[in-house]
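What follows is a single structure, written as structure tokens, with notes after it.
Nothing here was measured: the structure is a model prediction, and the numbers come from that model.
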Amino acid sequence: MHHKEKPAETAPKEAPGKKDTRGSASDMGITVKKADDFSEWYTQVIKKADLIDYGIVSGCMVIKPYGYAIWERIQAFLDSEFKKLGVKNAYFPMLIPESLLKKEQEHVEGFTPEVAWVTHAGESKLDERLAIRPTSETIMYDSYAKWIRSHRDLPLKINQWCNIIRWEFKHPMPFLRTREFLWQEGHTVFASRKEAEEEVLDILDLYARAFEEMYAVPVLKGTKSETEKFAGAVYTTSVETFMPNGKAIQGATSHFLGQNFSKAFDISFINQDEKRDFGWQNSWGFTTRSVGIMIAMHGDDKGLVLPPRIAPTQVVVVPILFSKNPEASEKVLSLARDVYSDLQKAGIRVELDDDAEKSPGFKFNSWELKGVPLRIEIGPKDVEKESVVFARRDTGTKESVPVTKAPAKVGELLGAIQKALFEKAKRFLQSKVVEAKDMYAVEKVIKDGGIALCSWCGSLECEEKAKDATGAKSLNIPFDKHAPKDPCFACKKESKHRIHFAKSY
Ligand code: 86X
């Protein structure tokens, strides 16, 4: 391994006011505590763990290989699950003529200030402005109208992986809020309402699994309120997450579009009774924001903490070398190489850090910063005992393991780390959800940085009252039709649902 940075021990003292970015100890590590200044902590972690670099245009960032590898892993999971559901990938143009984007006014209303436009080719003005896609309903459904003629053309299930531009004016945060981001958008058409509605929930379950099983981030599943749903949808379902800074953030959405778009775009077909019918549609999306949520959830004061299933590197083997004792070092190196190749053969994503120029302490810190779930240390004493030392990133605990047992133990520990991270995050989330029976209780829960779970009559007025009193938005309505309900938290009338309120990112 070759790094450009100087090892910490030899780095020059920084001149006051002039920052040396070549890797002095203070420059390398995280200089604020997560609990003290979350936003500064987050910014340092993603930069110092080498996940991103800032782009030239505000809100547009470079996703570096280590960050992109995380996205690729979640992509691989979702993509293979979509394919099991019969979804096929395709690609639609990034540029959408203005007339097409504005064809279904209701759906773009409120969004238009966020649209970025291509207006010129060289110096000459285009006849019609072209929108850079903020989402692809219009351009995809324009094609769907041509492709769908008969019930035999249905269901049509297409997904695309692409980039999106939405010119937001809120402060950008890498992954969490950027003007350009990566996502998948699935757009499906069915002959019946029932099939479409089933898929909405299948996809939502998949999104929940991506967060919970891959990212080890627990979610709250539910339906958005009328106020918070996508305007083009009949209803919107979502997975909501809650970050350690006390802010809820939407993880992903799966919409039932009904026939709203099929009527606007004339996506119709001749059904089995020889009658013309409009298609029943869904759309669903999962974005690079999810990477930011996972980082925010698990990271600690030493940096990133990656769940093993999403970690580009699961294990790092660090041989402890002594320049004064080349003979012992050779034995250490040889054992380290054996352990490394055994793990590689066992299918573990493993790296060997045998750089002789850097101290073990420097290496430990930098791999901790990068969130590698498990470190294996091997020194001369370990060689003698035919054992190695395992150090967990999540708990910091160390244990000595016989060399012969190392591969099996790695598998076991990675599983245990994945589980422990999820359970810790789940306990955190559960501790934040607090039932609130009246407005006074809602105010208190929100003030304490929690999620208020309220019985609710379903009226816009009562939802608005909570928002005005607390600044909290509704997240979603959990799928718990049969849960016992109290009178509405605001008007005391009979409740239709329960609903989550929290301060949102
Ligand atoms: C809403 C809806 C939907 C497919 C998803 O949430 C999942 C994947 N699309 C997206 N939405 C817009 O429709 C929209 C439209 C315009 Cl013109 C815009 F500038 C921004 C938008 N943002 C969200």
Side-chain angles (χ1 to χ4, degrees), residues 52-63 68 71 75 88-149 153 156-189 230-233 253 255 257 259-268 278-279 281-289:
I52 69 117
D53 198 3
Y54 288 96
I56 303 158
V57 176
S58 169
C60 299
M61 68 185 187
V62 179
I63 305 179
Y68 200 80
W71 179 240
Q75 223 181 357
K88 294 198 165 101
N89 286 332
Y91 184 79
F92 286 76
M94 179 176 60
L95 300 177
I96 306 174
E98 180 164 18
S99 53
L100 183 57
L101 188 78
K102 294 187 172 163
K103 190 164 168 175
E104 220 277 272
Q105 269 301 339
E106 199 192 338
H107 129 260
V108 292
E109 231 160 42
F111 288 126
T112 31
E114 292 183 4
V115 178
W117 298 98
V118 174
T119 56
H120 288 76
E123 296 302 318
S124 57
K125 202 162 169 243
L126 300 179
D127 289 339
E128 183 178 14
R129 301 197 287 173
L130 304 171
I132 303 177
R133 66 175 161 234
T135 182
S136 302
E137 278 78 359
T138 53
I139 194 129
M140 289 175 79
Y141 302 166
D142 187 56
S143 291
Y144 285 13
K146 291 186 280 176
W147 298 347
I148 295 168
R149 294 273 108 115
D153 299 322
L156 179 69
K157 306 185 194 182
I158 291 181
N159 174 60
Q160 78 170 348
W161 291 97
C162 64
N163 60 337
I164 286 294
I165 291 198
R166 293 179 188 168
W167 215 261
E168 288 211 51
F169 290 92
K170 286 187 195 153
H171 188 64
M173 273 281 246
F175 295 116
L176 294 171
R177 194 191 291 129
T178 52
R179 286 175 169 169
E180 181 178 15
F181 57 86
L182 305 182
W183 77 351
Q184 62 68 214
E185 52 180 318
H187 295 265
T188 53
V189 190
F230 167 38
T253 49
H255 311 280
L257 305 177
Q259 296 177 315
N260 293 353
F261 283 92
S262 64
K263 285 180 178 164
F265 285 82
D266 192 21
I267 304 174
S268 63
F278 288 105
Q281 292 184 269
N282 295 333
S283 80
W284 26 275
F286 188 104
T287 82
T288 35
R289 165 189 273 193

Pairwise distance CD1(Ile148) to CG(Asp266) - rounded to 0.5 angstrom:
10.5 Å
With under 30° as parallel and over 60° as perpendicular, where do the rings of Trp71 and Trp161 fit, or are they tilted in between?
perpendicular
In chain order, what residues pass the side-chain contact (heavy atoms from CB on, under 4.5 Å) check against Lys103, with sequence neighbours excluded?
Leu100, Phe265
Among all residues two or more places apart in sequence or in another chain, which pass the ring-ring contact (aromatic ring centres under 6.0 Å, His included) test with Phe278?
none
Apply side-chain contact (heavy atoms from CB on, under 4.5 Å) to the pair Glu137 and His187, showing each step before the final yes or no.
CA-CA 8 Å; Glu137 278 78 359; His187 295 265; 3.6 Å; yes
Donor-acceptor pair, Arg133 side chain versus Phe92 backbone, under 3.5 Å?
yes
Atom of Pro172, atom of Gly59 and distance for their closest heavy-atom approach
CB-CA, 3.8 Å
Rounded distance (nearest 0.5 Å) linking atom CE of Met140 with atom OH of Tyr91
11.0 Å
Using only atom types and a distance under 3.5 Å, with no angle test, would you say the side chain of Glu128 pairs donor to acceptor with the backbone of Ser99?
yes
Short side-chain to backbone donor-acceptor contact, Arg179 and Ile165, under 3.5 Å:
no
When rounded to the nearest 0.5 Å, the distance separating CH2 of Trp284 from CD of Glu185 is 10.0 Å
Does any N or O in the side chain of Thr178 come within less than 3.5 Å of the main-chain N or O of Phe175, such that one atom is a donor and the other an acceptor?
no
Nearest heavy-atom neighbours spanning Val189 and Gly279:
CG1-CA, 3.9 Å
For His171 and Arg177, work out which heavy atoms get closest and say how close.
O-NH1, 2.9 Å
Please lay out, stage by stage, how Cys162 and Met94 fare under the test side-chain contact (heavy atoms from CB on, under 4.5 Å).
CA-CA 9 Å; Cys162 64; Met94 179 176 60; over 6 Å; no
Tightest non-hydrogen contact, residues Ile96 and Thr138, listed as CG2-OG1, 3.6 Å
Output yes when a side-chain donor or acceptor of Gln281 lies under 3.5 Å from a complementary backbone atom of Ser262, and no otherwise.
yes
Calculate, to the nearest 0.5 Å, the distance between atoms CZ and CG belonging to Phe181 and Asn163 respectively.
9.5 Å
Which of Asn89, Thr287, Asn159 passes side-chain hydrogen bond (donor to acceptor under 3.5 Å, both in side chains) with Gln184? It is Asn159
Side chains of Trp183 and Arg289: closer than 4.5 Å at any heavy-atom pair?
no
CD of Gln75 to OG1 of Thr288, rounded to nearest 0.5 Å, is 10.0 Å
Quick one, Trp147 and Asp153 - any side-chain contact, counting heavy atoms below 4.5 Å?
no
For His255 and Ala233 the tightest heavy-atom approach is CB-CB, 4.0 Å
Could you go through Glu180 and Val57, starting from their C-alpha distance and side-chain angles, then the distance that decides it, and tell me whether this counts as side-chain contact (heavy atoms from CB on, under 4.5 Å)?
CA-CA 10 Å; Glu180 181 178 15; Val57 176; over 6 Å; no
Going by the rule ring-ring contact (aromatic ring centres under 6.0 Å, His included), which residues pair with Trp117 if we only count those two or more places apart in sequence or in a different chain?
none
For residues Asn282 and Leu257, report the shortest heavy-atom separation together with the two atoms involved.
C-CD1, 3.9 Å
Taking Gly232's backbone N and O only, do any of them form a donor-acceptor pair with Asn260's side chain (distance below 3.5 Å, no angle check)?
yes
Rounded to the nearest 0.5 Å, the OG atom of Ser143 sits from the CD1 atom of Ile267 at a distance of 9.5 Å
Is the Tyr141 ring parallel, tilted or perpendicular to the Tyr144 ring (thresholds 30°, 60°)?
tilted
Any chance you could lay out the side-chain contact (heavy atoms from CB on, under 4.5 Å) test for Thr188 and Ile158, step after step, and finish with the verdict?
CA-CA 6 Å; Thr188 53; Ile158 291 181; over 6 Å; no
With a 4.5 Å heavy-atom cut-off, do Pro134 and Glu114 have their side chains touching?
no
Are any non-hydrogen side-chain atoms of Leu182 and Ile63 less than 4.5 angstrom apart?
yes
